[in-house]
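What's counted below: heavy atoms across the whole structure, side chains too, no hydrogens, waters or symmetry copies.
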Number of protein chains: 2
Amino acid sequence: MFSSRFAKYLLSLPCKSAVRRRFSSQAVAEKVTDGFVEDLRNVVGKANVSTAEAVRDQHGHDESYHPTKMPDVVVFAQSVDHVSKVVKLCNDTGVPLIPFGSGTGLEGGINALKGGVCLDVSQMTNIVNVNAEDFDCTVESGVTRNALNSFIRDTGLWFPVDPGADASLCGMCSTSASGTNAVRYGTMRENVLNMEVVLANGNVIWTAGEGKRTKKTSAGYNLTNLFVGSEGTLGIITKATIRLYGIPESTVAAVVHFNNVQEAVDTTVQVLQCGIPMARIEFLDDVAIDAFNKYSKYDMKVKPSLFLEFHGSEAALEEQIQVVGSKPYSTDVCVPISHLPEVIVKSKEMIKNAGLTGPIVGHVGDGNFHVFFPVDPDKPEQLKAIKDVSRKMCLLAMDLNGTCTGEHGIGMGKNELLVKEVGPAGIEAMMCIKKAFDPNNILNPGKVFA
Amino acid sequence: MFSSRFAKYLLSLPCKSAVRRRFSSQAVAEKVTDGFVEDLRNVVGKANVSTAEAVRDQHGHDESYHPTKMPDVVVFAQSVDHVSKVVKLCNDTGVPLIPFGSGTGLEGGINALKGGVCLDVSQMTNIVNVNAEDFDCTVESGVTRNALNSFIRDTGLWFPVDPGADASLCGMCSTSASGTNAVRYGTMRENVLNMEVVLANGNVIWTAGEGKRTKKTSAGYNLTNLFVGSEGTLGIITKATIRLYGIPESTVAAVVHFNNVQEAVDTTVQVLQCGIPMARIEFLDDVAIDAFNKYSKYDMKVKPSLFLEFHGSEAALEEQIQVVGSKPYSTDVCVPISHLPEVIVKSKEMIKNAGLTGPIVGHVGDGNFHVFFPVDPDKPEQLKAIKDVSRKMCLLAMDLNGTCTGEHGIGMGKNELLVKEVGPAGIEAMMCIKKAFDPNNILNPGKVFA
């Protein structure tokens with residue numbers, strides 16, 4: 001661990017003031033007075049503010065195993081005007097604000113580490129426009145990908161980025177989500193054209209200019225891709241204009257079994273090199289196939305396998321683990337594909353040596369894979385061992401030109417790994433941006449940066 | 001025009017100090033003393049510093065028609081260490097620094113508006129690595145796309161982004177370049193995995209962490225896409241890790257003629273909707289076909305036409321105009337394709353009404369098109385009329401969900417249009433980033449922001 005070095009390092013940074021500003025839960029709770037809650041009610045209406053414990057508890061955690069904290073109050077925004085006024089109120093009062101979409105994140109991004117206001121934007125569910133001829137649409141913050149795809153089905157179009165969960169599209173912008181078919185369609189980074197964002201001072205901006213929805217632009221700094229993946233720490237995403245694609249007329253699925261990981265990856269490279277436009281190239285290791293067989297009463301060969309254009313493999317596995325135990329703990333490293341065999345083989349060793357078990361599912365076209373560890377809530381030492389293996393996998397990936405997170409984000413789980421990944425000057429550059437956009441550090445404090 | 005309103009607006013911004021800091025040429029010239037030049041020589045070696053007028057003149061303009069200004073001194077960097085030390089020297093002294101790649105820009109991005117140091121990085125021509133198995137490579141700042149493609153030809157890979165000119169790849173990162181086949185491969189934004197950047201204080205960062213070259217990442221703020229398109233105003237790009245693609249085994253080219261623009265665009269939409277992976281969909285209007293016929297001794301129907309997978313149409317036209325007159329003046333608007341017929345029809349009217357002529361070439365798959373106006377250097381009133389039409393086209397495009405620049409950037413030519421395009425709060429957000437990264441405003445001052 002490098003916690004103390006990390007703290008010492010933070011203290012040495014010029015932009016440290018923005019990020020070092022600490023909230024104690026006590027201090028925040030004192031600011032969330034009856035008067036403050038009354039102010040919130042005046043802004044958004046009485047029915048849209050809740051301090052009920054059940055509501056706060058529900059908004060205090062996502063699907064990860066990070067320690068949870070409840071917000072002091074939950075606000076249900078019904079409009080961008082609500083969002084702007086609530087953010088401004090929090091900024092003026094110094095109360096932390098955590099945006100909440102669908103709560104399906106995997107790195108504790110919506111945990112209210114120091115209490116404060118949880119701003120739930122899931123009720124803003126307008127589909128603002130669908131421009132079928134231009135292959136784009138604009139949605140509000142509460143529209144989920146399944147809701148959008150149902151709504152536009154008759155147009156012959158769909159939004160293909162698929163992280164498994166039925167996440168909100170603006171939440172997917174916030175965490176830079178991707179999923180099984182990024183090899184064909186890219187991640188959120190490649191599929192967002194414009195966003196409406198509320199800044200810490202309450203200003204409302206469109207990252208590419210209001211109403212703009214061109215496929216490309218060279219006009220000024222790329223604010224769009226600065227906010228994509230910023231995890232609620234630079235502003236609140238209230239609308240997104242995203243690309244749409246023609247629904248493929250037909251899909252072909254194939255399963256190929258291999259003797260080892262290297263063979264599977266070699267095949268992937270060759271497929272990509274031929275320029276065959278694959279939608280999905282998913283890798284499942286022998287443990288994953290075995291689990292799949294048992295759950296689905298299949299009899300597939302228990303060997304490392306590639307699923308080409310196979311739909312739903314990851315979701316099916318997650319579901320299976322959830323049925324047999326609890327929600328799984330998912331790792332998320334990503335490396336150049338040439339290093340994938342080494343990382344997978346060594347990960348399997350680490351998993352075995354730690355006395356753990358967990359199927360491996362990989363979006364191998366991207367070099368990204370997950371281990372889904374089943375978690376027994378009654379065994380804290382098991383969770384500790386899982387976290388330890390997960391961290392070692394990240395360090396291994398980072399040594400091999402890779403990243404600690406291909407698609408889940410940093411949240412509260414990987415702050416220290418981020419410092420190691422981008423280095424002192426890189427983290428300083430990120431902190432300077434944070435300071436420029438959120439000088440009072442009210443937006444999702446404790447996420448991305450510790 | 002809205003110059004005075006623009007100036008007034010700038011004065012109202014909180015981050016104005018960074019961008020309002022003005023350099024007078026006189027004040028800068030006084031800072032570029034013999035001692036300062038001697039310091040530069042000590043850093044990079046005597047042979048790599050020039051104050052010769054011919055060298056300065058050559059580095060004072062790109063291929064645009066914007067008024068030119070020479071730098072006071074030209075430095076030829078041979079390493080990132082050179083770049084870091086020269087940037088630090090300029091930052092400490094308050095001397096403007098303008099990075100120079102291949103000088104092929106179209107919006108005056110490398111003009112030395114107030115003099116200062118031109119930092120020529122074109123001699124850093126190492127291809128650092130080629131990872132054929134991972135479809136990526138890393139190049140230094142002086143490597144051009146043709147040089148790279150020649151070097152890697154035997155691997156079966158190529159880098160497809162093609163802006164026409166043989167630009168340096170890091171320069172293409174800097175201006176967020178694209179070109180004829182972005183519809184298939186995307187622009188620089190989608191094709192840069194990582195960059196080494198020297199910041200204003202001399203710090204060297206890798207935007208995605210040193211050595212990282214994964215196809216995707218969710219690790220922290222997307223610094224990579226913040227620096228792509230920042231036009232030398234936030235830092236100096238010294239290395240880029242970019243995606244490579246398999247060379248297509250065969251290409252099919254077709255030309256289809258239409259009675260009007262609407263029909264051509266309708267066809268484009270249908271082609272895209274079918275999901276056919278087109279490499280290039282280039283539109284040429286009747287004027288462009290006529291010019292092409294005369295230049296190439298062809299006899300194509302003089303009608304609006306689509307060139308599918310057609311290679312070199314834009315470059316050929318540019319070349320033709322250069323042969324008959326001088327370098328052309330190129331416009332660069334981009335709109336959602338549904339608005340393309342209206343913008344093209346109205347642009348043709350504007351061109352005609354202004355007594356001008358100019359062929360239209362469009363990357364219609366992206367909604368981006370150019371008018372190539374031939375310029376007679378002896379007729380200043382003609383250049384004025386061209387600029388006027390170009391500006392009106394930008395305003396029209398911006399009214400129709402479009403942008404004033406699809407791929408050439410803002411440079412010094414479109415600062416005011418950028419303000420209109422992203423709005424007051426948007427420009428303020430961009431200025432806050434500028435201030436965070438370049439508090440002394442030494443990096444390419446006067447570009448992007450007026």
Side-chain angles (χ1 to χ4, degrees), chain A residues 131 133-134 175-176 178 182 187 190 203-206 209-223 225-226 228-230 246 248 269 273-275 277 334-338 366-368 401-410 418 421-423 425-426 429-430 432-433 436 448, chain B residues 131 133-134 175-176 178 182 187 190 203-206 209-223 225-226 228-230 246 248 269 273-275 277 334-338 366-368 401-410 418 421-423 425-426 429-430 432-433 436 448:
Chain A
N131 304 293
E133 208 171 14
D134 295 319
T175 59
S176 190
S178 48
T187 72
E190 290 82 28
N203 270 2
V204 180
I205 67 168
W206 279 88
E210 187 168 357
K212 304 299 181 289
R213 47 188 184 80
T214 55
K215 290 280 172 290
K216 61 185 199 184
T217 171
S218 294
Y221 300 156
N222 187 342
L223 295 180
N225 271 304
L226 181 61
V228 169
S230 65
V269 171
Q273 197 134 16
C274 293
C334 183
V335 292
I337 42 179
S338 64
D366 304 315
N368 186 204
N401 310 107
T403 173
C404 64
T405 173
E407 57 187 20
H408 296 168
I410 296 297
L418 177 64
E421 183 159 326
V422 299
M430 291 185 186
C432 286
I433 294 171
V448 181
Chain B
N131 303 294
E133 208 171 15
D134 295 320
T175 59
S176 190
S178 48
T187 71
E190 289 83 27
N203 270 2
V204 181
I205 66 168
W206 279 87
E210 187 169 355
K212 304 300 180 288
R213 47 189 184 80
T214 55
K215 291 281 170 290
K216 61 185 199 185
T217 172
S218 294
Y221 300 156
N222 187 342
L223 295 181
N225 270 303
L226 180 61
V228 169
S230 65
V269 171
Q273 197 134 16
C274 293
C334 183
V335 292
I337 43 178
S338 65
D366 304 315
N368 185 205
N401 310 109
T403 175
C404 65
T405 174
E407 56 186 21
H408 295 169
I410 296 297
L418 177 65
E421 183 159 325
V422 300
M430 291 185 186
C432 286
I433 294 172
V448 181

Measuring from Asp366(B):CG to Thr217(A):OG1, what's the distance to the nearest 0.5 Å? 12.0 Å
Hey, which of Gly211(B), Gly402(B), Ser338(B) has the most heavy atom pairs under 4.5 Å with chain A? Ser338(B)
So, the side chain of Ser218(B) versus the backbone of Ser176(A): is there a donor-acceptor pair under 3.5 Å, distance only? yes
Under 3.5 Å, is there a donor-acceptor pair between the Lys216(A) and Thr187(B) side chains? no
Taking atom SG of Cys404(A) and atom NZ of Lys212(B), what is their separation to the nearest 0.5 Å? 9.0 Å
Winner by heavy-atom pair count (cut-off under 4.5 Å) against chain B, out of Ile205(A), Asp134(A), Val422(A): Asp134(A)
Winner by heavy-atom pair count (cut-off under 4.5 Å) against chain B, out of Gly367(A), Gly209(A), Ala219(A), Ser230(A): Ala219(A)
In this structure, CE of Met430(B) is separated from CG of Leu226(A) (nearest 0.5 Å) by 10.5 Å
Residues Ala425(A) and Asn203(B): closest non-hydrogen pair is CB-ND2, 4.0 Å
Distance from Ile337(B) atom CD1 to Glu133(A) atom CD, nearest 0.5 Å? 7.0 Å
Name the region of Leu223(B), side chain, backbone, both or neither, that has any atom closer than 4.5 Å to a heavy atom of chain A. side chain
I'd like to verify something: which residue of Ala182(A), Ala429(A), Gly229(A) has the highest number of heavy-atom pairs under 4.5 Å with chain B? Ala429(A)
To the nearest 0.5 Å, tell me how far Ile410(B) CD1 sits from Tyr221(A) OH. 11.0 Å
Separation between CG (Asn401(A)) and OG1 (Thr214(B)), nearest 0.5 Å, reads 9.0 Å
Which portion of Glu210(B) sits near chain A, non-hydrogen atoms under 4.5 angstrom: backbone
